[in-house]
Amino acid sequence: MAKYIILITKEDREWLEKVIEFTKALKKSGAEDIKLCFTLEAIKMLSIEKEEYKLIINKHLPDLNNLGIKINACKDCMLKFNIPEENIFYKDEIFSFEIMNKLVDQGYHIITF
């Protein structure tokens, strides 16, 4: 079975909605595991200050949780954009580029948006 790391790299409301819908469809089509990773400027969308993104993510959380799709926040990007972990409104896991390398070694494919 296929395993994916979906990297969201830009801050964009419409893009977020489309990426989440794509991720859910990919999982429903039979993917074994999917990690939805907010990195680069997209990490800003997980900030408690960004209410419009919080509404979108919260709308999809029941489906994401039921499908076993984990939301990951990039610790390196949190540092770069000065967003402390306590200001991230939702995450299942914190990831780093080292963890991403290990996941690729375990057979995960990367899709970047």
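Sequential numbering from 1 along the given sequence is applied to the chain's residues.
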Closest approach of [X] and [Y], non-hydrogen atoms and distance?
| X | Y | result |
| --- | --- | --- |
| D92 | K70 | OD2-CA, 3.3 Å |
| A73 | L46 | CB-CD1, 3.8 Å |
| F89 | K54 | CZ-CA, 3.3 Å |

More than 12 heavy atoms of other residues, nucleotides or ligands under 6.0 Å from [atom1] of [X]: is that the case?
| X | atom1 | result |
| --- | --- | --- |
| E14 | CD | no |
| E52 | CD | yes |
| K75 | NZ | no |
| K80 | NZ | no |

Checking [X] side chain against [Y] main chain: does a donor-acceptor pair fall under 3.5 Å?
| X | Y | answer |
| --- | --- | --- |
| D33 | A31 | no |
| N87 | S47 | no |
| N65 | L61 | yes |
| K27 | E32 | yes |

Exercise for the section: Name all pairs fulfilling the side chain to side chain donor-acceptor pair (under 3.5 Å) condition that reach into residues 96-105, sequence neighbours left out, sorted by first residue then second. Expected result: S96-E98
Exercise for the section: Compute the ring centroids of F113 and F22, then answer whether they are less than 6.0 Å apart. Expected result: yes
What is the distance from atom [atom1] of [X] to atom [atom2] of [Y], rounded to the nearest 0.5 Å?
| X | Y | atom1 | atom2 | result |
| --- | --- | --- | --- | --- |
| D12 | M45 | CG | CE | 7.5 Å |
| E21 | H60 | CD | NE2 | 4.5 Å |
| K24 | I69 | NZ | CD1 | 8.0 Å |
| E85 | I88 | CD | CD1 | 8.0 Å |
| D76 | T39 | CG | OG1 | 7.5 Å |
| K50 | I57 | NZ | CD1 | 12.0 Å |

Exercise for the section: Determine, step by step, whether K91 and F38 satisfy the side-chain contact (heavy atoms from CB on, under 4.5 Å) criterion, reporting the C-alpha distance in whole Å, the side-chain angles of both residues, the deciding distance to 0.1 Å, and the verdict. Expected result: CA-CA 9 Å; K91 68 182 175 331; F38 288 76; over 6 Å; no
Exercise for the section: Take the angle between the ring planes of Y4 and H109 and call it parallel below 30°, perpendicular above 60°, tilted in between. Expected result: tilted
Handout entry: Intermediate values then yes/no, side-chain contact (heavy atoms from CB on, under 4.5 Å), K44 and I83
Key = CA-CA 8 Å; K44 296 175 187 177; I83 304 171; 4.3 Å; yes
Exercise for the section: Linking directly or through intermediates, with side-chain heavy atoms under 4.5 Å: list the remaining ILVMFWY members grouped with L55, chain and number order. Expected result: none
Problem - Linked hydrophobic residues, I110 as query - side chain contacts closer than 4.5 Å - result: I5, L7, F95, F97, I99, M100, L103, V104, Y108
Exercise for the section: Indicate if L40 and I111 have the same hydrophobic cluster label, given that clusters are the connected sets of ILVMFWY residues with side-chain heavy-atom separations under 4.5 angstrom. Expected result: no
Problem - I43 reachable from L79 in the ILVMFWY side-chain graph, under 4.5 Å edges - result: no
Exercise for the section: Tell me, with the steps shown, if L36 and I8 meet side-chain contact (heavy atoms from CB on, under 4.5 Å). Expected result: CA-CA 7 Å; L36 188 57; I8 304 175; 3.6 Å; yes
Problem - T23/L67 under side-chain contact (heavy atoms from CB on, under 4.5 Å): CA gap, chis, key distance, verdict - result: CA-CA 10 Å; T23 302; L67 292 168; over 6 Å; no
